[in-house]
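To find a chain, count down the sequence lines: A is the first, B the second, and so on, and within it residues start at 1. FYI, side chains are in, hydrogens and waters are out, and symmetry mates aren't considered; it's all heavy atoms of this structure.
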Protein chains: 2
Amino acid sequence: MVRKIENARERFGTAAIELFRARGYADTTVAQIAAAAGLTERTFFRYFIDKPEVLFWRAAELEAEVLDTIARGDDPKPLNLVIAALESAGRFFDRHRQGVQVRQAIVAEHPDFQERELMKMRSLAIAIRTALEGRGTPTGTARMVAQVGVLIWQAALERWCEDELRRDFAHHVHTSLAELTDATAR
Amino acid sequence: MVRKIENARERFGTAAIELFRARGYADTTVAQIAAAAGLTERTFFRYFIDKPEVLFWRAAELEAEVLDTIARGDDPKPLNLVIAALESAGRFFDRHRQGVQVRQAIVAEHPDFQERELMKMRSLAIAIRTALEGRGTPTGTARMVAQVGVLIWQAALERWCEDELRRDFAHHVHTSLAELTDATAR
């Protein structure tokens, strides 16, 4: 059953992004997304509360992957666990470069979607903090490392989207971390 | 004229926070705020688009102070300019500790207000980045230092609100920065 659900979501999601790229977000209807996915509009609304949700549903999956990598890691340094988790989740971006870029451009153009994105990032920070605390990291450190993780995630994604050399997400995670370390060095 | 406007805003703002503290946010009406401020409801809506705005209007002033301090600073290190600016703006918090704590608690309880707060923080990051670029800081560094500044601001504010010893905002800026430096040290 789970596989079936994931397949429908994927089909809608892939069809939607392809239509957004070709016709623009505003000019794409849910009926067109459903038709392109070979499914019905009614089925669409069983998986997504509204059209914007096709831009956001993946965040929960990426968050789950980040948390899983943190839980399984064995590095004693909390930031290293988080960096490894960002790299792992970021492989999704490398595999779906064009789709992610289309998605990011749409979010950047809509203030409402930026708010939704910021709330997802806040949720990610809280989840990372909780995962680190679950491993025994003190609260103050867990909170700061989680926020640093989200900051690196956002900076890396911005750089990755702009990178004409198409280097992978992990490269930009490390560049962003180095930049952060330089900025905060005394 | 400007002074008169600022006075009315201040009177509404002070009256509102005092009522929120005493009666709760939800149980306070704009009519009650206006009465407590010795002004009319109609005047209230000349200065604030809605009741929540009394929780957010101050952000623009704090942002202006941050930008002004960055513009006037002479430290060659961008992060030091930003830290000095946060300390300067944070003196407002020390002078209005109880009001700020009431305000923070209300925002924390309302997801809508958290979104609005996150958008203000995003706006602050963009403004700091622009101010640094205006001083010749390269774009990549300016972007990262601005994001670090906002992160420190948020962490310091959270710690300051929770601090039973009532140490000043600048103390928490430095504690948060030290924690960040530790977290990112290799």
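Pairs engaging residues 67-87 of chain A under the ring pair (Phe, Tyr, Trp, His ring centres under 6.0 Å) rule: none recorded [sequence neighbours left out].
Under the 4.5 Å side-chain heavy-atom criterion for grouping Ile, Leu, Val, Met, Phe, Trp and Tyr, B:I126 is not connected to A:V107 through any hydrophobic cluster.
Between chain A and the residues B:Q154, B:E158, B:R116, B:Q147, the largest count of heavy-atom pairs under 4.5 Å involves B:E158.
Put simply, the side chain of B:R143 does not reach to within 4.5 Å of the side chain of A:E179, judged on heavy atoms.
Looking at A:E117, there are no atoms closer than 4.5 Å to chain B (heavy atoms on both sides), in backbone or side chain. Residue contact with chain A, scored on non-hydrogen atoms closer than 4.5 Å, is absent for B:T175.
Closest non-hydrogen pair, B:T184 versus A:T181, comes out as O-OG1, 3.6 Å. Annotation for A:A183 and B:K77: closest pair O-NZ, 3.7 Å, computed over non-hydrogen atoms. Closest heavy-atom contact between A:M144 and B:L151: SD-CD2, 3.3 Å. In plain terms, the two heavy atoms of B:R159 and A:G140 that are nearest each other are NH2-CA, 4.4 Å.
Between the CG atom of A:D182 and the OG1 atom of B:T141 there is a distance of 8.0 Å, given to the nearest 0.5 Å. To the nearest 0.5 angstrom, B:R122 atom CZ is 4.0 Å from A:Q114 atom CD.
The other residues sharing a hydrophobic cluster with B:L118 are A:L118, A:M119, B:M119, where clustering joins ILVMFWY side chains under 4.5 Å apart.
Heavy atoms of other residues, nucleotides or ligands lying less than 6.0 angstrom from CG of B:D74 number 12 at most.
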